S.K.: 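A single structure is presented below for examination.
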Amino acid sequence: MTYAVTPVGFVRSCFKEKFAIPRQPQLAPAARGVLELVAPFDNGDAVQGLEHVSHVWLIFLFHQALETTPRLKVRPPRLGGNKTMGVFATRATHRPNGIGQSVVKLDRVEASRLYVSGIDLLDGTPVLDIKPYVPYADQVDDAVNAIASAAPQLIEVQWGDGALLQAREHGQRLAEPLVELIEQCLAQDPRPAYQVPAPERVYGAKLWDVDVRWHYPQAGVICVLTVTP
Ligand code: SAM
């Protein structure tokens, strides 16, 4: 049996590529985006009342990870990328129907736009549904997840000569907290856990319209090298 779904909107996100997007929402509060609603959801009726809500669930498609053959087992990066796990025991992107869910902060509501932050969504992500976060039902204080028991350990983020000034200038131009966004995302240590980075290896990711480059001068430390358009 197959059912068709139609996006209610698309996310314009600070994340222009998958690399360096946090593994879950809330980990980078400076990660902002705009959910552009499509007709008929864009005239204000469908979002009326959302101004009374601080967070929403976004149900979306991992549109850049869709597969025709569903995987039953996956290799979660946080387990080092070599340990397999049943797909339903993970929040992996490659999953049956490619459906993701993220609870994000709702910063502003307009008739056809929701301004959100603390997101973990790639630019262009199709959103299938929006639901208000209901704390008494959604927050389970005694919940346990022994696989993903805590947020990733943060590492130190240093700034190379000139890189911080570049980030400040582009942040001003973009009217975005770019310095905080870079620090919050890189502190999550985006490189694959199985990779031991040599200091000479340079990594990069696109945030908004700038290319951020960094390296690991020593284990557990990231140094931002450049922030350039
Ligand atoms: N919070 C969601 C969930 O639990 O379903 C997503 C968790 S998933 C591990 C988060 C990762 O999905 C991000 O780090 C990013 O690499 C990837 N991602 C985000 N948006 C995507 C998209 N539209 N297509 C494919 N991958 C995406």
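Just so it is clear, the values below take in all heavy atoms, side chains as well, and ignore hydrogens, waters and symmetry mates. Each residue takes its place number in the sequence, starting with 1. Counting convention: from 1, in listed order, for ligands and their atoms alike. Predicted model only: the values in this text are computed from it and were never measured.
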S.K.: Checking the side chain of Q166 only, and the main-chain atoms of T226 only, is there a donor and an acceptor separated by less than 3.5 Å?
M.R.: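 Absent.
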
S.K.: Return yes if a side-chain donor-acceptor contact under 3.5 Å exists between Q24 and Q26, otherwise no.
M.R.: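 Result is no, nothing qualifies.
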
S.K.: Could you check I59 against I99 for side-chain contact (heavy atoms from CB on, under 4.5 Å), going step by step and ending with a plain yes or no?
M.R.: CA-CA 7 Å; I59 315 297; I99 291 175; 3.9 Å; yes

S.K.: Can you tell me which portion of I21 lies within the under-4.0 Å heavy-atom range of ligand 1? Options are side chain, backbone, both, or neither.
M.R.: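 It is both backbone and side chain that touch ligand 1.
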
S.K.: With a 4.0 Å cut-off on heavy atoms, is L61 touching ligand 1?
M.R.: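 L61 counts as a contact of ligand 1 under the 4.0 Å cut-off.
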
S.K.: Check whether any side-chain heavy atom of R91 lies under 4.5 Å from a side-chain heavy atom of Q101, and answer yes or no.
M.R.: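 Yes, close enough: below the 4.5 Å cut-off.
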
S.K.: Which one of K18, H94, Q64 has a non-hydrogen atom at the shortest distance from atom 26 (N) of ligand 1?
M.R.: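 Among K18, H94, Q64, the closest heavy atom to atom 26 (N) of ligand 1 comes from K18.
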
S.K.: Which atoms of ligand 1 have any heavy atom of P22 under 4.0 Å away?
M.R.: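 Selected atoms, number and element: 13 (C), 14 (O).
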
S.K.: Which atoms of ligand 1 are found less than 4.0 Å from any heavy atom of G100?
M.R.: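 Checking each atom against G100, I get 5 (O).
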
S.K.: Of the non-hydrogen atoms in P22 and L27, which two are nearest, and what is the gap between them?
M.R.: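 Reported closest heavy-atom pair: CB-CB, 4.0 Å.
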
S.K.: For ligand 1, note which part of I99 has a heavy atom under 4.0 Å away: side chain, backbone, both or neither.
M.R.: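 Neither part.
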
S.K.: Who's the nearest protein heavy-atom neighbour of atom 5 (O) of ligand 1, and how far?
M.R.: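 Ranking protein heavy atoms by distance from atom 5 (O) of ligand 1, first comes Q101 N, 3.0 Å.
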
S.K.: In terms of residue, atom name and distance, what is the protein heavy atom nearest to atom 19 (C) of ligand 1?
M.R.: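 Of every protein heavy atom, D120 O, 3.2 Å lies nearest to atom 19 (C) of ligand 1.
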
S.K.: Any atoms of ligand 1 less than 4.0 Å from a non-hydrogen atom of H63? List them with their elements.
M.R.: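 Result: 22 (C), 23 (N), 24 (N).
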
S.K.: Would you mind checking which non-hydrogen protein atom is closest to atom 11 (C) of ligand 1, with the distance to 0.1 Å?
M.R.: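 The closest one turns out to be T93 CG2, 3.9 Å.
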
S.K.: Between Y203 and L186, is a side-chain contact (heavy atoms from CB on, under 4.5 Å) present by the stated rule, with each step listed?
M.R.: CA-CA 11 Å; Y203 291 79; L186 296 193; over 6 Å; no

S.K.: Where do A167 and I182 come nearest, in terms of heavy atoms and distance?
M.R.: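 Of all heavy-atom pairs spanning A167 and I182, the closest is CB-CD1, 4.1 Å.
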
S.K.: Under 6.0 Å from the six-membered ring centre of Y216 and within 45° of its axis: does the NZ or CZ of R191 meet both?
M.R.: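 R191 over Y216 ring: yes.
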
S.K.: For a quick test of reading the model, state the closest non-hydrogen atom pair linking Q188 to P152 and the distance between them.
M.R.: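 Shortest heavy-atom contact: OE1-CG, 3.7 Å.
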
S.K.: When you measure from the centre of the six-membered ring of F10, is the NZ or CZ of R12 closer than 6.0 Å and no more than 45° off the axis?
M.R.: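 Because its charged atom misses either the 6.0 Å distance or the 45° angle limit, R12 does not stack over F10.
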
S.K.: Considering heavy atoms of the protein only, find what lies nearest to atom 21 (C) of ligand 1 and give residue, atom and distance to 0.1 Å.
M.R.: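 I find the closest protein heavy atom is L122 CB, 3.6 Å.
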
S.K.: Please identify which atoms of ligand 1 are closer than 4.0 Å to at least one heavy atom of T125.
M.R.: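 Atoms satisfying the 4.0 Å criterion: 20 (N), 22 (C), 23 (N).
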
S.K.: Give me the nearest non-hydrogen protein atom to atom 4 (O) of ligand 1 as residue plus atom name, then the distance to 0.1 Å.
M.R.: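 The protein heavy atom lying closest is R91 NE, 2.6 Å.
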
S.K.: Which protein heavy atom lies closest to atom 10 (C) of ligand 1, and at what distance to 0.1 Å?
M.R.: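 Answer, as residue, atom name and distance: R23 O, 3.4 Å.
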
S.K.: Using a strict cut-off of 4.0 Å, indicate which atoms of ligand 1 neighbour a heavy atom of P25.
M.R.: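 Those of ligand 1 that fall under 4.0 Å from P25 are 1 (N).
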
S.K.: Who gets closest to atom 27 (C) of ligand 1 by heavy atom: F10, F62, F60, F15?
M.R.: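 Shortest heavy-atom distance from atom 27 (C) of ligand 1: F62.
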
